[in-house]
Amino acid sequence: NKNKIVPELQWIKDIVVKADYNSVPVFMKDSLVPIVGEENNQGVQMKIVTVPTTPFSGQKPGTSGLRKKVKIFAQPGYLENFVQSIFDSLSGYEGKTLVLGGDGRYFNEVAIQTILRMAAAAGFGRVMVGQNGILSTPAASAVIRKHGAFGGIILSASHNSGGPEGDFGIKYNMANGGPANETFTDAVYRRSQNIDFYRYVEAADIDLGSLGESQIGNLVVQVIDSVADYAELLESLFDFEKISNLLMRPEFRMRFDAMHAVTGPYARAILEDRLGAPAGTVVNGIPLPDFGGGHPDPNPVYAADLVAACDY
């Protein structure tokens with residue numbers, strides 16, 4: 001029955017599961033209608049794997065998304081179930097653009113590679129992902145709005161600690177760049193509690209360190225400059241010339257401690273490169289999976305070194 005169109009959702013699932021069980025390549029076409037055979041309509045080889053699964057309890061996102069310990073997210077199928085629940089709660093995204101990135105914490109790049117493969121299976125046309133997997137929440141919002149993306153997935157647990165024993169988080173942002181509303185997060189939760197399969201495309205990891213485009217099946221993966229669109233937005237909102245004049249005054253001194261979190265690349269590119277602050281103004285500017293063993297909460301306790309460096 002090669003190229004036979006079966007629009008009913010259950011029949012689509014049955015076809016995909018049976019084809020995968022018999023190691024027959026499966027491709028998705030025309031609003032997720034499965035094509036069983038050797039190649040899809042664009043001649044790009046793409047095998048979609050369907051994995052039977054069972055729900056995990058407690059996958060209820062809030063306005064800040066779903067946050068749990070890394071060890072919970074690292075369980076087989078846990079991340080996949082939640083991402084599939086997001087996709088299953090959306091409609092009209094086929095061929096559209098998804099924005100993806102995170103704060104660089106432990107498990108960030110692993111999650112990104114998983115989500116890319118699942119986005120390809122779901123039928124997205126393009127994913128714009130921040131270089132090295134880095135994309136802050138406000139930067140992701142800027143990218144979504146500038147490029148008219150369908151939405152975005154942001155991997156962040158805010159100020160919570162990172163590392164293998166730390167926290168991880170995932171949230172969905174809508175086309176307006178803002179966080180998903182309660183109606184949508186409730187729908188995701190309901191789906192997560194009765195989910196029975198998730199899908200991904202078999203593919204090698206994407207090089208997240210190199211700007212440019214590559215493909216997973218029919219999905220175009222575009223690795224973008226993590227800072228450029230956000231810096232452009234800030235320059236349209238604030239008087240960069242006046243700020244630059246202040247930063248370059250000899251009697252004015254400042255320090256920006258990024259605490260090895262996601263703000264480092266943004267602070268260095270904007271404050272030092274664009275606004276002309278002296279090199280070294282930004283300290284601890286390289287995002288690390290465990291935030292250098294610190295806690296990226298800029299208060300007098302966790303940012304004690306910054307407080308000590310200030311003149312009063």
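Computed over heavy atoms, backbone and side chain alike; hydrogens, waters and symmetry mates excluded. Heads up: numbering here begins at 1 and tracks the sequence.
Ile224 is not connected to Val127 by any chain of hydrophobic side-chain contacts under 4.5 Å among Ile, Leu, Val, Met, Phe, Trp and Tyr, and they are in different clusters. Residues Val221 and Val201 fall within the same hydrophobic cluster, defined by Ile, Leu, Val, Met, Phe, Trp and Tyr side chains chained together at heavy-atom separations under 4.5 Å. Ile48 and Ile216 fall within a single hydrophobic cluster, where Ile, Leu, Val, Met, Phe, Trp and Tyr side chains are chained together by heavy-atom contacts under 4.5 Å. One hydrophobic cluster, built from ILVMFWY side chains closer than 4.5 Å, holds both Tyr198 and Leu90. Residues Leu66 and Ile112 are members of one and the same hydrophobic cluster, defined by side-chain heavy-atom contacts under 4.5 angstrom among Ile, Leu, Val, Met, Phe, Trp and Tyr.
Atom CG of residue Asn176 and atom OG of residue Ser141 lie 7.5 Å apart, to the nearest 0.5 angstrom. If you take CD1 on Ile154 and OG on Ser136, they are separated by 8.0 Å, rounding to the nearest 0.5 Å. Note that CZ of Phe256 is 9.0 Å distant from CD1 of Ile270, once rounded to the nearest 0.5 Å. Distance check: His260 NE2 to Arg105 CZ gives 15.0 Å after rounding to the nearest 0.5 Å. Between the CD1 atom of Ile153 and the CD1 atom of Ile115 there is a distance of 5.0 Å, given to the nearest 0.5 Å. Atom CG of residue Leu116 and atom CD1 of residue Ile206 lie 6.5 Å apart, to the nearest 0.5 angstrom.
Formation of a donor-acceptor pair under 3.5 Å by the Ser161 side chain with backbone atoms of Gly166 is not found in this model. Side-chain atoms of His159 do not come within 3.5 Å of backbone N or O of His295 as any donor-acceptor pair. Side-chain atoms of Glu272 come within 3.5 Å of backbone N or O of Gly280 as a donor-acceptor pair. Not a single donor-acceptor pair under 3.5 Å links the side chain of Asp88 to the backbone N or O of Arg191.
Phe124 and Phe87 have their aromatic ring centers within a separation under 6.0 angstrom. You'll find the ring centres of Tyr106 and Phe168 outside the 6.0 Å limit.
Within a 6.0 Å radius of CD in Gln75, other residues, nucleotides and ligands contribute more than 12 heavy atoms. Dense packing is recorded around CG of Leu246, with more than 12 heavy atoms of other residues, nucleotides or ligands lying under 6.0 Å away.
Here the closest heavy-atom approach between residue Ala157 and residue Gly169 is recorded as CB-N, 4.0 Å. A pairwise comparison of heavy atoms in Ala261 and Pro287 identifies O-CG, 3.5 Å as the closest pair. Residues Ile286 and Arg268 approach most closely at CG1-NH1, 4.4 Å, considering heavy atoms. Across all their heavy atoms, Val188 and Phe82 have their closest contact at CG1-CE1, 3.7 Å. Nearest heavy atoms, Ala258 versus Gly285: CB-CA, 4.0 Å. When all heavy atoms are compared, the tightest approach of Arg126 to Leu219 is N-CD1, 3.5 Å.
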TODO: Could you give me the CA-CA distance, side-chain angles and deciding distance for Asp167 and Lys69, then say whether salt bridge (charged side-chain N to carboxylate O under 4.0 Å, His left out) is met?
DONE: CA-CA 4 Å; Asp167 294 339; Lys69 291 294 183 183; 3.1 Å; yes
- [ ] Decide side-chain contact (heavy atoms from CB on, under 4.5 Å) for Phe252 and Leu247; before the verdict, give the C-alpha distance in whole Å, the side-chain angles of both, and the deciding distance to 0.1 Å.
- [x] CA-CA 6 Å; Phe252 184 86; Leu247 291 175; 3.8 Å; yes
TODO: Could you check Val262 against Ile134 for side-chain contact (heavy atoms from CB on, under 4.5 Å), going step by step and ending with a plain yes or no?
DONE: CA-CA 7 Å; Val262 70; Ile134 296 295; 3.8 Å; yes
Open item on the list: Evaluate Leu306 against Val283 for side-chain contact (heavy atoms from CB on, under 4.5 Å), listing each step before the verdict.
Closed with: CA-CA 9 Å; Leu306 177 63; Val283 298; 5.9 Å; no
- [ ] Please assess Lys71 against Glu165 for the test salt bridge (charged side-chain N to carboxylate O under 4.0 Å, His left out), listing each intermediate value before the final yes or no.
- [x] CA-CA 7 Å; Lys71 289 182 177 180; Glu165 304 299 321; 3.1 Å; yes
- [ ] Begin with the C-alpha distance, continue with both residues' side-chain angles, and end with the deciding distance and a verdict on side-chain contact (heavy atoms from CB on, under 4.5 Å) for Ile72 and Phe56.
- [x] CA-CA 10 Å; Ile72 293 177; Phe56 290 89; over 6 Å; no
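When side chains are defined from C-beta on, Leu233 counts as touching Arg145, because their heavy atoms get closer than 4.5 Å. Using a 4.5 Å heavy-atom cutoff, the side chains of Arg117 and Asp205 are in contact. A 4.5 Å side-chain heavy-atom check between Gln84 and Asn81 finds every atom pair outside the cut-off. Within the 4.5 Å cutoff, side-chain heavy atoms of Leu208 are placed close to those of Gln113. Glu80 places none of its side-chain heavy atoms less than 4.5 Å from the side chain of Tyr78. At least one side-chain heavy atom of Lys171 sits under 4.5 Å from a side-chain heavy atom of Thr137. Counting heavy atoms from C-beta outward, Tyr189 and Pro61 have side chains that approach closer than 4.5 Å. The closest side-chain heavy-atom distance from Ser158 to Arg67 is below 4.5 Å.
One side chain, His147 or Asp229, offers a donor N or O that lies under 3.5 Å from an acceptor on the other.
Using the six-membered ring where Trp is involved, Phe184 and Tyr172 have ring planes that are tilted, between 30° and 60° apart.
Note that Lys68 lies outside the cation-pi zone of Phe73, set by a 6.0 Å cut-off to the ring centre and a 45° limit from the axis.
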